[in-house]
Novice: 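Once you've had a glance at the structure underneath, I'll fire off some questions.
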Protein chains: 2
Amino acid sequence: MAGVRAAQKEKTRRALIQAAMNQLSAEHGYASLSLREVAREAGIAPTSFYRHFQNMEELGLTLVDEGGLALRQLLRQSRQQIAKGGSIIRSSVTTFMEFVANNTAIFRLLLQEKSGNSREFRLAVQREVEHFTAELVDYLVDEQKFDRTIAELHADAIVRIVFSAGADALDASPAERKELLETTIAQVRIVARGAEATRTLARSQKS
Amino acid sequence: MAGVRAAQKEKTRRALIQAAMNQLSAEHGYASLSLREVAREAGIAPTSFYRHFQNMEELGLTLVDEGGLALRQLLRQSRQQIAKGGSIIRSSVTTFMEFVANNTAIFRLLLQEKSGNSREFRLAVQREVEHFTAELVDYLVDEQKFDRTIAELHADAIVRIVFSAGADALDASPAERKELLETTIAQVRIVARGAEATRTLARSQKS
DNA sequence: AAATTGCGTGAACAGGCGTTCACTGACATA
DNA sequence: TATGTCAGTGAACGCCTGTTCACGCAATTT
């Protein structure tokens, strides 16, 4: 009843997930990931893989899920920093970029599969990103009193810019990353100013 | 001296490129593209492949080159239409989205390899995108009299947004694409307004 | 204590892969 | 007309792949 058995199973499951993570890199993407190699790295026989996942695809979707979870944790972390005061934009973008730097493999997976081969994968990643955007929209509506229509455009634009910059950061040196960070912050500010101007415009047309 | 031989060689070379294009799809990405399958579709023996390319990688880079070239030509064409009058932003974004809709395979390749496995690929795609951005910067500086610093931020932000929207368009239905187009146009306008506001701000600080 | 469950195994399979090699035969050159 | 070039070939290679199967054996249940 101690569940020694179940614990051992979970342990090898984690080993498989970790092995897959380790094998993911810039040169060796998910598509060219083999069941046998993953099993080898996890230290089990290829056949045992099937005790835990039906497919490599199922493993992959698990990775995407875990990546999304990590991203959401990041968001929460970022919001706490905002509460302490300081520039909302700077602290959010900085946190995001730190995540990218510290979780290269998982972010690369998310990006790859965002425009990747499997429809199910793409939808899974898209869901994660939408979640991200939705929280930003709520923030803009609640805290900054934007119209929902403008806030949606605004948030979507920011997410697109920041994710795209994150992608570039993967290949960048620390110095380049620093520059990329500042550029991105400046761009997000431009969008914020543009959204503000658009709001003013809408108001003047309304009256 | 008629060059019958050279013509035939070029023809099979094109057949190989076309075959690779045909095999590229949402489900079957470049990474899982096999020399033998490409040769089969091109109607030649696997061994003959080596008469034209040293690697699959070399073929892939050719695809990226051709894709980028096509995209740039299209946009230049679009800019000529602009000269005839009409909204710069609308016509550019529309042209871009039409390209994406009509060249799904090649655009998907560009996106995949932008965050893909091979460093050389990534750099090749990055070069294409930078080329793209550079042309936009020049336009903003020459025609719209922006400072180069602001123009660079501005152009980079636009390219990030538009490419990201293009990626989403790949999976979208015609109706969704229409909506995506309008959203993107609105976002680009927001960025334009933000850049304008930023320029005004910079001027008032200077004086 | 006996019976059952289920994770991990090693052998075996058919099939795909990239790449080499010596060769053919149509075209180009002299 | 004789000679050379070179795109295309088919067989063969060693290697890696996903998946099946029956089996052992420790944890669990009865």
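Chain letters run A, B, ... following the sequence lines, proteins first, then strands; residues in each count from 1.
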Novice: In whole angstrom, what separates B/Lys11's NZ from C/dC27's P?
Specialist: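 In whole Å, C/dC27 P lies 12 Å from B/Lys11 NZ.
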Novice: Checking side-chain contact (heavy atoms from CB on, under 4.5 Å) between B/Phe53 and each of B/Leu35, B/Val38, B/Leu59, B/Leu61, which is the one that passes?
Specialist: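 Among the candidates, only B/Leu59 passes.
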Novice: With under 30° as parallel and over 60° as perpendicular, where do the rings of B/Phe107 and B/Phe163 fit, or are they tilted in between?
Specialist: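 Geometry flag for B/Phe163 against B/Phe107: tilted rings.
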Novice: Nearest-Å distance, CZ (B/Arg40) to C1' (D/dT9)?
Specialist: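 Going from B/Arg40 (CZ) to D/dT9 (C1'), I get 16 Å.
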Novice: Quickly work out the B/Glu58 CD to C/dG18 P distance and round it to whole Å.
Specialist: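 Answer to the nearest Å: 15 Å.
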Novice: How about A/Arg90 and A/Glu182: do any of their side-chain heavy atoms sit closer than 4.5 Å?
Specialist: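 Heavy-atom side-chain distance check passes, below 4.5 Å.
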Novice: Indicate, with a heavy-atom threshold strictly under 4.0 Å, whether B/Arg13 touches base, sugar-phosphate, or nothing.
Specialist: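 Nothing, no heavy atom under 4.0 Å.
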Novice: Could you give the CD-to-C1' distance, from A/Glu37 to D/dG18, as a whole number of Å?
Specialist: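 Going from A/Glu37 (CD) to D/dG18 (C1'), I get 13 Å.
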Novice: Pick base, sugar-phosphate or nothing for A/Glu10, based on heavy-atom distances below 4.0 Å to the nucleic acid.
Specialist: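 It contacts nothing in the nucleic acid.
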Novice: Report yes if the side chains of B/Arg108 and B/Asp171 come closer than 4.5 Å at any heavy-atom pair, otherwise no.
Specialist: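 Side chain of B/Arg108 against side chain of B/Asp171, heavy atoms only: contact under 4.5 Å found.
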Novice: So, does B/Arg160 use its side chain to make a donor-acceptor pair with the main chain of A/Ser164 at under 3.5 Å?
Specialist: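 Yes; judged by distance alone, with no hydrogens or angles, the pair exists.
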Novice: Would one find a side-chain N or O of A/Arg36 under 4.0 angstrom from OP1 or OP2 of C/dG10?
Specialist: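 For A/Arg36, the contact criterion (side-chain N or O under 4.0 Å from OP1 or OP2 of C/dG10) is not met.
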Novice: Using a cutoff of under 3.5 Å, can you pull out all pairs of nitrogen or oxygen atoms linking the protein to nucleotides 5-9 of chain C, with atom names and distances?
Specialist:
residue	atom	partner	partner atom	Å
C/dG6	O4'	A/Arg5	NH2	3.4
C/dG6	N2	A/Arg5	NH2	3.4
C/dG6	N3	A/Arg5	NH2	2.8
C/dC7	OP1	A/Lys9	NZ	3.1
C/dG8	OP1	A/Thr12	OG1	3.0
C/dG8	OP2	A/His52	NE2	2.6
C/dG8	N7	A/Arg51	NE	2.9
C/dG8	N7	A/Arg51	NH2	3.1
C/dG8	O6	A/Arg51	NH2	2.5
C/dT9	OP2	A/Ala45	N	2.8
C/dT9	OP2	A/Ser48	OG	3.2

Novice: Which whole-number value in Å describes the distance from B/Leu35 CG to D/dC15 P?
Specialist: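 Going from B/Leu35 (CG) to D/dC15 (P), I get 20 Å.
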Novice: Could you please name the option among D/dG18, C/dG18, C/dC27 that lies closest to any side-chain atom of B/Tyr50?
Specialist: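 My answer, after comparing the listed nucleotides, is C/dG18.
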Novice: Any salt bridge between A/Arg177 and A/Asp168, counting N to O under 4.0 Å?
Specialist: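 Salt bridge: no.
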